[in-house]
Amino acid sequence: MERNTAFPLFAGNHSHANSTCSRDNVLKNVVFPILYSFLFLVGMSLNGMAVWIFLRIPSQSHFIIYLKNIVVADVIMTFTFPFKVLSDSNMASIGLRIFVCRVSSVLFYLSMYISILFFGLISIDRCRKTLNPFKGTNSTRLKHRKLLSGAIWTFLVILCLPNVILTSKTPTSRYFQCSKLKTEGGLRWHEIVNHVCQVIFWGNLLTVIVCYTLITNELYRSYSRTKSHSTGGSISQAASRGTVRKPHKAKRKMNANVFLVLAVFFVCFVPFHFARVPYTISQTRAKSFDCKLKLFFFQLKESTLFLSSLNSVLDPLIYFFLCKSFRTTLFNTLHLRPGTCSWLTGRGSDTDMCSSPQGNSTAST
Ligand SMILES: Nc1ncnc2c1ncn2[C@@H]1O[C@H](COP(=O)(O)OP(=O)(O)O)[C@@H](O)[C@H]1O
């Protein structure tokens with residue numbers, strides 16, 4: 001049973017309980033609630049703006065379709081933060097804590113795996129565009145991508161729904177762990193879902209690594225080609241105009257932006273998936289674990305879960321850096337010049353993954 005001894009205000013009759021294995025500590029009760037509150041405010045602002053902008057951008061490329069799905073997932077994730085804040089800081093009523101275990105946490109995980117799956121698809125799309133820059137899209141392909149998006153949401157909702165339905169036990173005390181609300185079947189399903197989600201994550205990580213290895217090779221080849229051209233016959237002319245190093249510079253800028261997806265994926269999701277395995281086992285096979293070890297796994301899971309939550313505020317960076325139509329709409333809205341921040345984002349279609357087939361310029365072009 002979980003007890004609250006860290007905060008006498010909320011401790012009630014529990015204050016005399018043995019607290020060695022209590023989940024309550026400054027990190028869970030104060031630090032994370034403050035961090036999640038901050039994340040909620042930033043996430044609402046950035047994702048609210050992203051929704052507003054994407055409503056004005058037609059779904060004309062696979063990349064835009066995938067980004068729109070990620071925005072929706074991020075908005076859902078952001079909405080779950082206040083519930084987590086209230087629950088973790090012990091300010092929530094029992095009813096609200098039950099709601100967190102049954103609904104809002106499940107929505108959090110649902111949105112996280114939606115993002116992971118679409119990150120995988122984005123990498124495949126990026127790879128396809130880099131290796132085969134002139135292969136465009138058409139309305140049939142776009143329709144297929146929309147159907148695929150619908151299928152992904154349906155699959156994950158069906159997978160997660162039993163976690164809501166089978167979290168049906170009545171808590172026996174004011175402070176409880178989510179796993180204590182689960183029926184026998186609910187615990188088993190919780191374990192299965194976590195295994196499936198591990199497969200989803202590691203499968204997508206592999207996809208991302210393979211795709212970015214191929215992209216790196218292609219970028220390197222195209223960089224070598226550009227370099228040999230720029231040091232060729234026209235070098236003296238180019239040098240006199242001071243443009244010899246330009247392709248090199250542009251290429252370097254593009255590389256950094258392209259790898260943003262990879263960086264966000266690694267920072268946000270890899271640590272959590274290492275921590276989640278032992279934590280799930282400690283939840284479902286509790287008897288074989290010492291309570292201090294369980295507590296350690298819980299804290300590890302909570303800390304890495306925060307990194308995963310950061311995803312909801314880092315994704316808007318991807319929209320900004322990799323989608324030119326997003327930047328253009330944003331700058332128009334803010335009455336800024338179109339070229340604002342071009343030193344950061346690179347110029348032209350080189351750094352644009354949102355472009356339609358005709359504008360499909362990539363590294364190798
Ligand atoms: N990968 C997942 N997909 C969907 N729901 C999940 C996933 N992992 C956990 N859940 C659900 O989210 C709720 C909170 O789970 P968890 O974070 O493991 O518990 P706790 O908050 O006690 O550490 C539970 O109902 C659980 O079944």
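Ligands are counted one by one from 1 in listed order, and the atoms in each one are counted from 1 as well. Both backbone and side-chain heavy atoms feed into the values below; hydrogens, waters and symmetry mates do not.
No side-chain donor from either of R97 and Y175 sits under 3.5 Å from a side-chain acceptor of the other. Side-chain polar atoms of H62 and T137 form a donor-acceptor pair below 3.5 angstrom. At a cut-off of 3.5 Å, with distance as the only test, no side-chain donor of K146 or S59 sits close to an acceptor on the other residue.
In this structure, Y319 and I70 have side chains that are in contact, with non-hydrogen atoms separated by less than 4.5 Å.
Of all atoms in ligand 1, listed by their number and element, those nearer than 4.0 Å to a heavy atom of H190 are 9 (C), 18 (O), 26 (C), 27 (O). Those atoms of ligand 1 with a heavy atom of C197 less than 4.0 angstrom away are 1 (N). Under a 4.0 Å criterion applied to the non-hydrogen atoms of C101, ligand 1 contributes the atoms 13 (C), 24 (C), 25 (O). Of all atoms in ligand 1, numbered sequentially from 1 with element shown, those under 4.0 Å from a heavy atom of Y113 are 1 (N). Remark: ligand 1 atoms within the under-4.0 Å shell around heavy atoms of K182 are 24 (C), 25 (O), 26 (C), 27 (O). Here is the list of ligand 1 atoms found below 4.0 Å of a heavy atom in C178: 14 (C), 19 (O), 21 (O), 22 (O). Listed by number with element, the atoms of ligand 1 under 4.0 Å from a non-hydrogen atom of V193 are 1 (N), 2 (C), 3 (N), 4 (C). For ligand 1, the atoms closer than 4.0 angstrom to any heavy atom of Y279 are 18 (O), 20 (P), 22 (O), 23 (O).
Of the two cysteines examined, C211 and C127, the SG atoms fail the criterion of being under 2.5 Å apart.
Counting heavy atoms under 4.0 Å from ligand 1, residue Q283 touches it through the side chain alone. By the criterion of a heavy-atom distance under 4.0 Å, neither the backbone nor the side chain of R97 is placed next to ligand 1. With a 4.0 Å heavy-atom cut-off, ligand 1 is reached by the side chain of N194 but not by its N, CA, C or O.
Heavy-atom neighbours of F296 CZ from other residues, nucleotides or ligands within 6.0 Å: at or below the threshold of 12. Other residues, nucleotides and ligands place more than 12 heavy atoms under 6.0 Å from the CZ atom of F99. Counting non-hydrogen atoms of other residues, nucleotides and ligands closer than 6.0 Å to CZ of R188 gives a total of 12 or fewer.
Among all non-hydrogen protein atoms, the one lying nearest atom 14 (C) of ligand 1 is S105 CB, 3.6 Å. The shortest contact between atom 5 (N) of ligand 1 and any protein heavy atom is with N163 ND2, 3.0 Å. The single protein non-hydrogen atom nearest to atom 17 (O) of ligand 1 is Y109 OH, 2.7 Å, given as residue, atom name and distance.
Between K84 and E302 there is a salt bridge, with a side-chain nitrogen of the basic residue lying less than 4.0 Å from a carboxylate oxygen of the acidic one. The pair E218-R221 meets the salt-bridge criterion, since a charged nitrogen lies less than 4.0 angstrom from a carboxylate oxygen.
The aromatic rings of F298 and Y279 lie tilted to each other, with the angle between the two planes from 30° to 60°.
For R276, a nitrogen or oxygen atom sits less than 3.5 Å from a nitrogen or oxygen atom of ligand 1, counting backbone and side chain alike.
At least one heavy atom of R23 sits closer than 4.0 Å to an atom of ligand 1. Assignment of K301 to the shell around ligand 1 is supported, since a heavy atom sits closer than 4.0 Å.
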